[in-house]
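One structure is given here, and the rest of the page talks about it.
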Amino acid sequence: MYEQISHSLLNEILNDLKPEIRRQDLRHFYTRLGANFYAIHNLFQHLYGHRDDFKLQMLRLVETLARKYIKRSEQLEKLDIARENDHNWFLSQKWVGMALYSSGFAGDLQNLAARTAYLQELGVNFVHIMPILQCPTGKSDGGYAVSNFREIDDRMGTLEDLQVVADEFRKRDILLVLDVVLNHTSDEHEWARKAVTGDPKYQDYYYMFDNREIPDMFEQGMPEIFPQTAPGNFTWNETMQKWVMTIFHDFQWDLNYSNPAVFIEMLDVILFWINQGADVIRLDAVAFLWKKMGTSCQNEREAHLILQLMKDCCQVTAPGALFIAEAIVAPVEIIKYFGEDAVIAKECEIAYNATLMALLWDALATKNSKLLYQGLKSLPDKLERATWLNYVRCHDDIGLGFDDKDIREVGYEPYAHRQFLIDFYTGNYKGSLASGAPFMRNDKTGDARISGSLASLAGLEKAYAAGDEKAIASAIDKILLLNSIIFSFGGIPLLYYGDEIATFNDYGYLDEITKSSDSRWIHRPQINWERAELRKKPGTIENIVFSALKKLIAIRKETTAFADFNNRHLIDAGNQHLFAFVRFDHNRPSERVLVICNFGSEPQYLDLQTLSHSGFSIFGQLTDLYSGKRPTKFRDQLVLQPFHFYWLSEY
Ligand code: GLC
């Protein structure tokens with residue numbers, strides 16, 4: 001019955017499409033629309049069916065999809081078809097990512113295009129260029145307060161420059177990843193400006209209230225994201241005499257997705273960038289898309305429906321494109337952004353593995369893998385056609401968002417344990433060489449997050465300043481240890497620019513008034529290309545780190561067991577300093593790699609017999625894929641140096 005209604009509505013809509021659209025060759029479009037329309041209609045109805053203008057909005061939605069389909073280039077359409085026919089293409093071990101600010105990495109887009117060879121030299125082929133769109137100076141939140149979703153910031157270049165980058169990437173088989181900041185706009189965006197002049201159409205694009213009554217009720221359940229710099233979740237606008245919902249900074253106005261016009265506008269933006277050549281779109285802050293009073297306004301069911309609807313719509317116009325969910329939320333919530341109750345991913349194909357990231361830093365500080373093991377054990381399997389983005393550092397802070405239950409399970413008290421980690425990484429713990437900075441200390445809750453570059457957090461900056469060769473070598477080992485996990489764990493590893501040459505914290509932000517209160521700028525570096533040249537000079541830190549990562553990347557790409565098909569067994573190594581798991585080729589399960597990491601500061605032994613208790617027996621001789629050598633053994637035990645790892649294969 002519902003299917004019939006949906007079918008006749010589709011016919012009605014197709015008849016109502018403007019003649020200039022109908023005149024085009026829409027064969028593929030019609031086939032895909034037919035296949036996805038039931039789901040699209042169902043979701044759109046669920047979200048907006050109560051509105052008088054529902055049918056009109058539905059027509060607008062389909063028109064948007066058709067217009068963007070018509071604009072899709074022949075080359076990109078071919079790619080869509082190829083990817084539809086090889087729909088697990090992104091689960092391959094061949095992808096290795098890097099996130100970068102084009103300004104910090106190369107200055108601007110033109111220079112970025114010229115630096116592509118550097119990325120290729122390292123082996124990176126999935127490049128997230130962080131926001132490059134127009135943003136007000138000073139009130140930009142690092143590019144995440146967009147004032148025009150279709151124009152590139154003048155300082156970064158032009159659409160043509162981006163086209164050159166996209167072409168350059170395509171030639172070299174590098175995927176282009178771009179952001180769409182879905183949850184909010186800058187207060188200088190045209191929609192916000194029109195809202196300020198009193199235009200009701202645009203006031204309805206945001207959440208606005210005449211007095212504190214509703215904001216107060218909302219705030220009872222909403223945590224503060226930037227408590228130090230932007231306390232509260234609403235901002236008073238003097239001109240409008242209204243409170244505007246601003247969950248992040250006061251200049252970032254939350255979009256109102258209960259208005260279908262907002263949904264359609266933002267879908268149009270996503271498709272616009274996909275048509276510019278983006279292979280993957282990073283959807284920013286997706287947990288916040290739906291606001292419901294009495295809740296934390298995160299991870300609401302409707303936020304998931306919006307993402308499902310976006311995915312289904314994208315399947316019609318540009319099925320080759322993927323979504324990344326940036327949802328830095330509790331471990332059990334993150335996984336839902338792949339899609340719920342679906343056999344294959346129906347929301348975002350890729351999600352940030354913030355859980356693994358935070359757990360890795362925990363293991364490094366505690367020198368044991370208790371919580372890392374426990375936290376990962378508690379994580380449900382992901383959907384089949386979905387993959388993690390595994391990272392050690394990114395442009396944001398490190399939030400200690402592990403589950404309290406897991407922390408208790410391994411014998412720590414959650415509050416005290418988090419305080420220890422914050423102290424450890426921000427230089428307040430005796431014996432720790434980490435030089436991070438606290439981010440957003442919340443005096444009400446005692447909570448804080450951590451900023452700092454990989455090298456500085458791993459202790460390299462202090463070791464280098466002290467000229468302590470042993471500590472330098474140990475910090476480098478730690479950097480490689482963490483990376484050895486993200487390259488082998490299953491998912492797309494995502495490096496952060498500068499970390500490949502062990503870039504230290506940049507304290508320059510403290511002198512800039514618009515940045516000094518946001519410690520994340522400490523790890524958003526300007527690449528020093530003279531230092532980067534040192535990667536070619538044997539024995540330098542840059543050379544050691546760059547070549548080790550390059551080697552890890554090359555081996556990963558050759559190792560089919562590292563592709564991501566839920567083909568991993570965690571292993572209880574029977575020694576809390578060690579962290580171990582087995583990866584196996586999903587087509588040839590006997591081809592396996594045993595990954596073992598020592599988080600301890602002393603050499604550790606692994607009794608190979610213990611492995612058979614965990615259901616893993618070793619056949620044949622073991623070889624470390626990384627060194628190409630047999631692993632060190634003492635009697636019948638494997639030996640690992642402090643902060644060392646093995647990628648062991650049986651031959
Ligand atoms: C995302 C971005 C972060 C930004 C926030 C608000 O979490 O990664 O940098 O501050 O969204 O847009």
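FYI, the numbering just counts along the sequence from 1. For the numbers below, each heavy atom of this structure counts, side chains included, while hydrogens, waters and symmetry mates do not. Every number for a ligand or one of its atoms is a count from 1 in the order of the listing. This is a predicted model, so every value here is computed, not measured.
- The closest protein non-hydrogen atom to atom 1 (C) of ligand 1 is Asp284 OD1, 2.7 Å.
- In this structure, the side chain of Ser456 engages the main chain of Asn505 through a donor-acceptor pair within 3.5 Å.
- At least one donor-acceptor pair closer than 3.5 Å links the side chain of Thr116 to the backbone N or O of Ala113.
- Against a heavy-atom cut-off of under 4.0 Å, Phe226 is close to the following atoms of ligand 1: 10 (O).
- Using cut-offs of 30° and 60° for the angle between ring planes, the Tyr144 and His395 rings count as parallel.
- Among all non-hydrogen protein atoms, the one lying nearest atom 9 (O) of ligand 1 is Asp396 OD1, 2.7 Å.
- Judged by distance alone, the side chain of Asp268 and the main-chain N or O of Ile264 form no donor-acceptor pair under 3.5 Å.
- In this structure, Arg441 CZ and Ile422 CD1 are separated by 6.0 Å, a value rounded to the nearest 0.5 Å.
- Atom 10 (O) of ligand 1 has as its closest protein heavy atom Asp141 OD2, 2.6 Å.
- At the shortest separation from atom 7 (O) of ligand 1 among protein heavy atoms lies Glu326 OE2, 2.9 Å.
- In this structure, Met130 has no heavy atom closer than 4.0 Å to ligand 1.
- Of all the heavy atoms of Tyr352, none lies under 4.0 Å from any atom of ligand 1, so neither backbone nor side chain is involved.
- Atoms of ligand 1 found under 4.0 Å from any heavy atom of Arg520, numbered from 1 in the order shown, are 3 (C), 4 (C), 9 (O), 10 (O).
- Within the 4.0 Å heavy-atom shell around ligand 1 one finds His184.
- With ligand atoms numbered from 1 in the order given, ligand 1 contributes 2 (C), 3 (C), 8 (O), 9 (O) to contacts under 4.0 Å with heavy atoms of His395.
- Using cut-offs of 30° and 60° for the angle between ring planes, the Phe263 and Tyr48 rings count as tilted.
- Annotation for Arg150: atom CZ counts as buried by contact number, over 12 foreign heavy atoms lying within 6.0 Å.
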